[in-house]
Novice: 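Pasting in a structure now, in structure tokens, and then I'll have a few things to ask.
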Amino acid sequence: MEFEKELEGVVARELDTLGYELVKLEAYLSGRRKTLRLFIDRPDGDVTIRDCIWATKALGLVLDGVEAMPGPYNLEISSPGAARPLTKPAHFGRFRGERARIDYLDEEGVKVQATGTIAVSDEDAVVLSFDGSEHRIAYEKILRANLKPGEHAGPKPEEPEGRPRRRRRARQASRR
């Protein structure tokens, strides 16, 4: 969308002045109302609810004055989460050694999905290690990329013991 590019520049500049990084911007129509969903990050730690509220208030004022956002819209701001999107070459470098899932187009233009470890990244491509070998994937071929956090290796939480079960009224009524 054309307005998405304009918004991305405005939003990224404003977030930068607030000390946040714009990880990803999604803009779409939901009925008659536009929805703008932003994923933000902090270079010095995790994004908190307070950060999201602060960014929402600041960006709301800025976006109300942008021509690309005429009419009503919803603004949603959140942290990138554990399965954070990887949208910039710097993200791949920052998370070197982590597992990632990358959807990309191969040499013939066929969509491929690969999950592996980010081995190396530079300005042009990322090297993903999987299936016992390394695969170089140009950023321009990447359709979507996310961190793939490992499954929780610890024990599953146990059910509380001695918890009384409720009987259904239908059973109680049939016993009378």
Side-chain angles (χ1 to χ4, degrees), residues 1-105 111 113-129 134-150:
M1 295 174 144
E2 182 61 35
F3 81 95
E4 197 172 326
K5 289 295 179 190
E6 180 183 342
L7 284 175
E8 192 168 337
V10 170
V11 168
R13 280 190 301 276
E14 185 65 23
L15 286 172
D16 188 49
T17 62
L18 296 171
Y20 301 105
E21 174 197 4
L22 175 63
V23 175
K24 186 175 182 181
L25 179 143
E26 297 174 346
Y28 55 92
L29 289 174
S30 177
R32 288 187 232 178
R33 188 176 281 254
K34 291 179 182 137
T35 297
L36 184 61
R37 181 176 294 148
L38 308 175
F39 296 94
I40 64 172
D41 202 4
R42 287 177 42 174
D44 61 345
D46 294 333
V47 174
T48 65
I49 292 173
R50 175 175 256 156
D51 293 317
C52 293
I53 292 169
W54 176 253
T56 300
K57 287 179 181 179
L59 284 173
L61 294 171
V62 171
L63 291 173
D64 287 345
V66 175
E67 289 182 23
M69 290 301 288
Y73 66 91
N74 293 324
L75 178 60
E76 302 173 1
I77 299 180
S78 72
S79 72
R84 67 174 291 136
L86 303 170
T87 59
K88 302 172 185 170
H91 292 163
F92 291 94
R94 180 176 168 193
F95 293 102
R96 196 176 93 218
E98 299 285 333
R99 287 176 45 81
R101 186 182 94 192
I102 301 177
D103 297 344
Y104 66 98
L105 298 175
K111 183 179 174 182
Q113 185 179 89
T115 300
T117 303
I118 300 171
V120 180
S121 69
D122 58 28
E123 311 83 41
D124 303 317
V126 61
V127 176
L128 196 66
S129 177
E134 294 185 338
H135 304 270
R136 185 172 174 84
I137 305 168
Y139 295 126
E140 64 192 26
K141 298 286 187 176
I142 294 176
L143 303 171
R144 182 176 168 159
N146 292 77
L147 284 183
K148 181 86 171 153

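The first residue of the sequence shown is numbered 1, and numbering continues consecutively from there.
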Novice: Are the side chains of Ser121 and Pro89 in touch, meaning some heavy atoms are under 4.5 Å apart?
Specialist: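 With C-beta onward as the side chain, the pair stays apart.
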Novice: Compare all side-chain heavy atoms of His91 with those of Leu147 and state whether any distance is below 4.5 angstrom.
Specialist: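 His91 does not reach Leu147 side chain to side chain.
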Novice: Give the minimum heavy-atom separation between Leu22 and Lys88, together with the two atoms involved.
Specialist: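 Minimum heavy-atom separation between Leu22 and Lys88: O-NZ, 2.7 Å.
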Novice: Tell me, do Leu18 and Asp51 make a side-chain contact under 4.5 Å, heavy atoms counted?
Specialist: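 The answer is no; the side chains never approach within 4.5 Å.
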Novice: Got a sec: does the CZ of Arg94 have more than 12 other heavy atoms crowding it under 6.0 Å?
Specialist: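 Yes, CZ of Arg94 has more than 12 neighbouring heavy atoms, counting only those of other groups under 6.0 Å.
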Novice: Within this structure, what is the CD1-CH2 distance for the pair Ile40 and Trp54, rounded to the nearest 0.5 Å?
Specialist: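 It is 12.0 Å, given to the nearest 0.5 Å.
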Novice: Let me confirm one number: the CD-CZ distance from Gln113 to Arg144, rounded to the nearest 0.5 Å.
Specialist: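 Nearest 0.5 Å value for the CD-CZ distance: 9.0 Å.
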Novice: Roughly how far, to the nearest 0.5 Å, is the CZ atom of Phe95 from the CG atom of Asn146?
Specialist: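 One gets 11.5 Å once the value is rounded to the nearest 0.5 Å.
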Novice: Show the numbers, then the answer: is there a side chain to side chain contact (heavy atoms under 4.5 Å, CB included) between Thr35 and Leu29?
Specialist: CA-CA 6 Å; Thr35 297; Leu29 289 174; over 6 Å; no
Novice: Roughly how far, to the nearest 0.5 Å, is the CD1 atom of Ile137 from the CD1 atom of Ile102?
Specialist: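 Answer rounded to 0.5 Å: 4.5 Å.
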Novice: Yes or no on side chain to side chain contact (heavy atoms under 4.5 Å, CB included) for Arg136 and Asp122, after CA distance, side-chain angles and deciding distance?
Specialist: CA-CA 10 Å; Arg136 185 172 174 84; Asp122 58 28; 3.1 Å; yes
Novice: So Glu14 and Val10, side chain to side chain contact (heavy atoms under 4.5 Å, CB included) or not? Walk me through it.
Specialist: CA-CA 6 Å; Glu14 185 65 23; Val10 170; 5.6 Å; no
Novice: What are the two closest heavy atoms between Tyr73 and Gly60, and how far apart are they?
Specialist: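 Smallest interatomic distance, heavy atoms only, reads OH-O, 3.6 Å.
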Novice: Could you measure the distance from the CG atom of Leu15 to the CD1 atom of Ile77? Nearest 0.5 Å is fine.
Specialist: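 One finds 6.5 Å between CG of Leu15 and CD1 of Ile77.
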Novice: Within this structure, what is the CG-NZ distance for the pair Leu86 and Lys24, rounded to the nearest 0.5 Å?
Specialist: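 Reported value, rounded in 0.5 Å steps: 10.0 Å.
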Novice: Would you say that Thr56 contacts Leu38 through its side chain, given a criterion of any heavy-atom pair below 4.5 Å between the two side chains?
Specialist: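 Not touching, per the 4.5 Å side-chain cut-off.
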Novice: So, for Ile118 and Arg96, which heavy atoms are closest and what is the spacing to 0.1 Å?
Specialist: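 For Ile118 versus Arg96, the nearest heavy atoms are O-CG, 3.5 Å.
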Novice: Set out, in order, the CA-CA distance, both residues' side-chain angles and the distance that settles side chain to side chain contact (heavy atoms under 4.5 Å, CB included) for Leu59 and Leu36, then state yes or no.
Specialist: CA-CA 11 Å; Leu59 284 173; Leu36 184 61; over 6 Å; no
Novice: Provide the closest heavy-atom pair for Pro43 versus Gly19 in the form atom of the first, atom of the second, distance.
Specialist: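 That closest heavy-atom pairing would be CD-O, 3.5 Å.
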Novice: Got Leu128 and Tyr104 here, is their nearest side-chain heavy-atom distance under 4.5 Å?
Specialist: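 No; the side chains remain at least 4.5 Å from each other.
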Novice: Tell me every residue that passes salt bridge (charged side-chain N to carboxylate O under 4.0 Å, His left out) with Lys57, counting only those two or more places apart in sequence or in another chain.
Specialist: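 Expected list: none.
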Novice: Can you pull the side-chain hydrogen bond (donor to acceptor under 3.5 Å, both in side chains) pairs that have at least one residue in residues 75-85, sequence neighbours excluded?
Specialist: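 Residue pairs with at least one partner in residues 75-85: Arg37-Glu76, Asp41-Arg84.
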